[in-house]
Amino acid sequence: MTDIQLYNTRTRQKQRLEPLDPANVRMYVCGPTVYDRAHLGNARPVVVFDVLYRLLRHVYGADHVTYVRNFTDVDDKINAAALARKQAGDPRPLEELIRERTEETIGWYHADMDALGALRPGQEPRATEFIGAMIAMIEDLIAKGHAYAAEGHVLFRVRSYKDYGALSGRSVDDMIAGARVEVAPFKEDPMDFVLWKPSDDDLPGWDSPWGRGRPGWHIECSAMSFELLGPSFDIHGGGIDLQFPHHENEIAQSCCAHPEGGFATIWLHNEMLQVEGKKMSKSLGNFFTVRDLLEQGVPGEVIRFVFLSTHYRKPMDWTAEKAREAEATLRKWRGLVAGIEPAPSPAPEVTEALCDDLNTAGAIAALHRLAGAGDLAGLKASAGLLGLLGEDLGAWADAPVADLGGWAERLAAARAAAMDSKDFAEVDRLKALLIGAGVEVRMSKAGVELVPGAGFDPARLEALE
RNA sequence: GGCGAGUUGGCGGAGUGGUUACGCAGCGGAUUGCAAAUCCGUGUACAGGAGUUCGAUUCUCCUACUCGCCUCCA
């Protein structure tokens with residue numbers, strides 16, 4: 001069995017993945033809050049963990065990997081969006097507006113992530129479908145002394161879990177010293193966090209032992225991972241920004257509710273995405289969604305390639321220049337592997353790179369070597385492990401349909417004449433026209449070859465006829 | 001203030017205690033009427049300082065700088 005080494009944030013070192021059950025390798029990744037289009041930063045973990053998912057399926061078998069990624073559809077931003085519609089005059093009940101908003105957003109999310117070539121996880125639970133499980137877990141935590149109800153809220157008693165802070169390397173005392181915690185009179189300790197909070201009539205809510213309310217953010221992942229993967233599973237992933245507090249709180253909840261389990265064995269966190277060297281933010285005006293990029297004509301496969309060209313644990317800078325280079329590389333490779341039957345398995349060099357803590361940049365370098373060595377079957381198969389060069393993402397690279405035969409004949413005839421007359425004016429004229437229309441002109445002793453290039457525009461040629 | 005990550009050739013970006021990836025750009029050559037495409041060749045860079053070592057870009061410490069999280073934002 002191939003060894004997969006992964007950097008475990010919890011232990012701060014690489015370790016060998018040793019699945020609790022190799023027949024069912026289990027991975028949970030924190031998914032999006034579905035209130036709006038996914039921005040580019042949201043897409044990085046999706047692509048990163050998609051590659052891991054593909055690698056796990058390759059190593060353990062496609063039927064032996066369970067991948068769960070949740071949809072957070074209980075959230076104040078969603079409520080705000082729905083409330084805004086209601087105040088704009090929509091007569092429907094709030095619950096319906098919320099459901100409509102989340103449905104719509106999930107549809108967008110699927111479309112956008114599909115465009116990046118990300119396989120859909122086997123299970124995509126929604127928080128709203130697991131409210132009962134959350135309430136049960138909260139009750140259990142109260143019974144075990146790890147949580148307490150106060151003024152319609154239920155809070156997790158951070159001091160009751162001695163390892164709190166272990167994942168992110170903080171101590172409760174340090175954090176309180178930092179004094180950036182919300183103080184509330186009903187909290188026993190400023191660090192205690194909300195498991196359940198009351199909802200007024202303008203907010204979605206569910207009946208609970210503590211009155212009508214809604215869950216806090218963190219409990220959903222604890223409840224859903226337990227329901228779908230059990231008290232112990234192999235991998236938990238997400239963006240590094242989730243390390244604290246979200247994942248810290250998940251660990252506290254899950255380990256206290258299910259001390260019989262170990263929760264996640266390996267914690268993986270991808271670093272953040274930047275744009276042209278700066279954090280993507282609305283105020284800087286460099287904020288954009290995946291859909292924005294796709295609509296600008298940046299193919300999903302190009303986005304994917306750019307993401308994978310930087311190791312997931314390093315900040316990734318999105319630049320237009322990288323997109324340009326990625327597109328050129330992919331176009332070239334697609335030309336090479338067109339019509340080639342992929343090898344039965346990926347090249348060892350590529351698999352080994354990925355097995356070394358998802359060294360996707362190293363894997364891409366290996367792809368370059370395969371291309372250079374002319375191992376096109378190997379290139380195609382290996383790229384497939386990275387989710388590249390597949391049929392599903394290739395439409396962008398297909399040249400527009402156009403018959404260039406007439407142009408080729410004219411050019412060839414002019415060239416033949418020029419060879420005798422030594423007057424190449426007509427040849428150069430035709431060549432300039434073709435190049436201007438985005439056609440790559442290749443002339444050799446063997447003859448004239450016209451290849452539609454990246455910016456090929458058949459309309460411009462027709463206008464010249 | 002607390003915690004953490006990072007600083008590699010013109011650019012991007014891997015990696016390694018000693019044989020110096022890979023891509024793009026550049027340069028030289030082959031080829032071409034000229035080009036394009038292609039092919040061949042070409043570049044000893046690892047923030048600064050100290051230490052460990054026979055030897056450090058790679059390990060340790062210090063300094064500088066950059067960035068992230070700690071706050072709804074992946």
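Just so we're clear, the structure is a prediction, and the values are computed from it rather than from any experiment. Letters go in sequence order (proteins before strands), and every chain restarts at 1.
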A:Arg99 meets the salt bridge (charged side-chain N to carboxylate O under 4.0 Å, His left out) criterion, sequence neighbours left out, with A:Glu103
Can you sort out the partners of A:Tyr7 under side chain to side chain contact (heavy atoms under 4.5 Å, CB included), two or more places apart, ordered by chain and number?
-> A:Arg12, A:Lys14, A:Tyr312, A:Arg313, A:Asp357
Is there a side-chain polar atom (N or O) of A:Asn359 under 4.0 Å from OP1 or OP2 of B:G15?
-> yes
Pair assignment for RNA chain B - dot-bracket with | for other-strand partners, Watson-Crick or G-U under 3.5 Å = (((((((..(((.....[...))).(((((.......)))))....(((((..]....))))))))))))....
Could you label the plane-to-plane angle of the A:Phe263 and A:Phe233 rings as parallel, tilted or perpendicular, counting under 30° as parallel and over 60° as perpendicular?
-> perpendicular
Can you tell me the distance, in whole Å, between the CE atom of A:Met272 and the P atom of B:G68?
-> 11 Å
Would you say B:G13 has OP1 or OP2 under 4.0 Å from some side-chain N or O of A:Ser309?
-> no
Taking atom C1' in both B:G49 and B:A56, compute the distance separating them and give it to the nearest angstrom.
-> 15 Å
Whole-angstrom distance between B:A64 and B:U71, as gauged at atom P | 27 Å
Under 4.0 Å between a side-chain N or O of A:Lys322 and OP1 or OP2 of B:G13?
-> yes
Atom CZ of A:Phe305 to atom P of B:A14: distance rounded to whole Å?
-> 13 Å
Tell me what A:Val427 touches on the nucleic acid: a base, only sugar-phosphate, or nothing, going by heavy atoms under 4.0 Å.
-> base
Want to settle it: does A:Thr33 or A:Glu440 sit nearer the 5' end of RNA chain B, counting the closest nucleotide to each?
-> A:Glu440
In whole Å, what is the span from the CZ atom of A:Arg313 to the P atom of B:G13?
-> 15 Å
Would you call A:Arg214 and A:Asp76 a salt bridge, taking side-chain N to carboxylate O under 4.0 Å as the test?
-> yes
Do the side-chain N or O atoms of A:Lys279 get closer than 4.0 angstrom to the phosphate oxygens (OP1, OP2) of B:A74?
-> no
Salt bridge between A:Arg369 and A:Asp375, side-chain N to carboxylate O under 4.0 Å?
-> no
Quick one: list whatever passes salt bridge (charged side-chain N to carboxylate O under 4.0 Å, His left out) with A:Arg120, sequence neighbours left out.
-> A:Asp114
Length of the line joining A:His368:NE2 and B:A14:P, which is rounded to integer Å = 13 Å
Between the base of B:C73 and the side chain of A:Lys77, is there a donor-acceptor distance below 3.5 Å?
-> no
Is the shortest side-chain N to carboxylate O distance from A:Asp192 to A:Lys187 below 4.0 Å?
-> no
Whole-Å distance between B:C69 P and A:Gln274 CD?
-> 9 Å
Roughly, in whole Å, what's the span from CD in A:Gln243 to C1' in B:U71?
-> 16 Å
Are the charged groups of A:Glu271 and A:Arg44 less than 4.0 angstrom apart, N to O?
-> no
Kindly determine whether A:Trp196 and A:His153 satisfy ring-ring contact (aromatic ring centres under 6.0 Å, His included), including the steps that lead there.
-> CA-CA 5 Å; A:Trp196 190 264; A:His153 292 70; over 10 Å; no
Classify the nucleic acid contact of A:Lys422 as base, sugar-phosphate or nothing, counting any heavy atom under 4.0 Å across all strands shown.
-> nothing
Backbone of A:Thr128 reached by a side-chain donor or acceptor of A:Asp73 within 3.5 Å | yes
Rounded distance in Å between the P positions of B:U57 and B:U16 = 16 Å
In whole angstrom, give me the gap between the P atoms of B:G48 and B:C24.
-> 29 Å
Looking only at heavy atoms, the pair that brings A:Thr265 and A:Arg10 closest together is O-NH2, 2.9 Å
Nearest whole angstrom, please: distance from the P of B:C73 to the CG of A:Leu242.
-> 8 Å
Touch class at under 4.0 angstrom, heavy-atom based, for A:Asp76 against every strand present | nothing
Name every residue in residues 35-48 of chain A that has at least one heavy atom under 4.0 Å from any atom of RNA chain B, in order of residue number, or write none if there are no such residues.
-> A:Tyr35, A:His39, A:Gly41, A:Asn42
Could you pick out which residue, A:Ser444 or A:Asp356, lies toward the 5' side of RNA chain B when each is mapped onto its nearest nucleotide?
-> A:Asp356
Salt bridge present between A:Asp189 and A:Arg157 (N-O < 4.0 angstrom) | no
Reckon A:Ile435 touches a base, only the sugar-phosphate, or nothing at all at heavy-atom distances under 4.0 Å?
-> nothing
Could you give the distance separating B:A47 and B:U38 at their P atoms, to the nearest angstrom?
-> 34 Å
Verify ring-ring contact (aromatic ring centres under 6.0 Å, His included) between A:His247 and A:His218, making sure each step is shown before the conclusion.
-> CA-CA 8 Å; A:His247 289 161; A:His218 315 292; 9.4 Å; no
Span that lies between the P atom of B:G12 and that of B:C70, in whole angstrom = 27 Å
Same-atom distance (C1') from B:A37 to B:C73, integer angstrom | 47 Å
When the C1' atoms of B:G9 and B:G2 are considered, how many whole Å apart are they?
-> 37 Å
Spacing between A:Arg369 atom CZ and B:C24 atom P, to the nearest angstrom = 13 Å
Identify whether the distance between the nearest side-chain nitrogen and carboxylate oxygen of A:Glu301 and A:Arg304 falls below 4.0 Å.
-> no
Interface with RNA chain B, restricted to residues 323-332 of chain A and to heavy atoms under 4.0 Å = A:Glu325, A:Lys332
From the candidates B:A74, B:G33, B:A14, the one with an atom nearest any side-chain atom of A:Lys314 is B:A14
With respect to the side chain of A:Asp428, which nucleotide from B:A14, B:G33, B:G4 is positioned closest?
-> B:G33
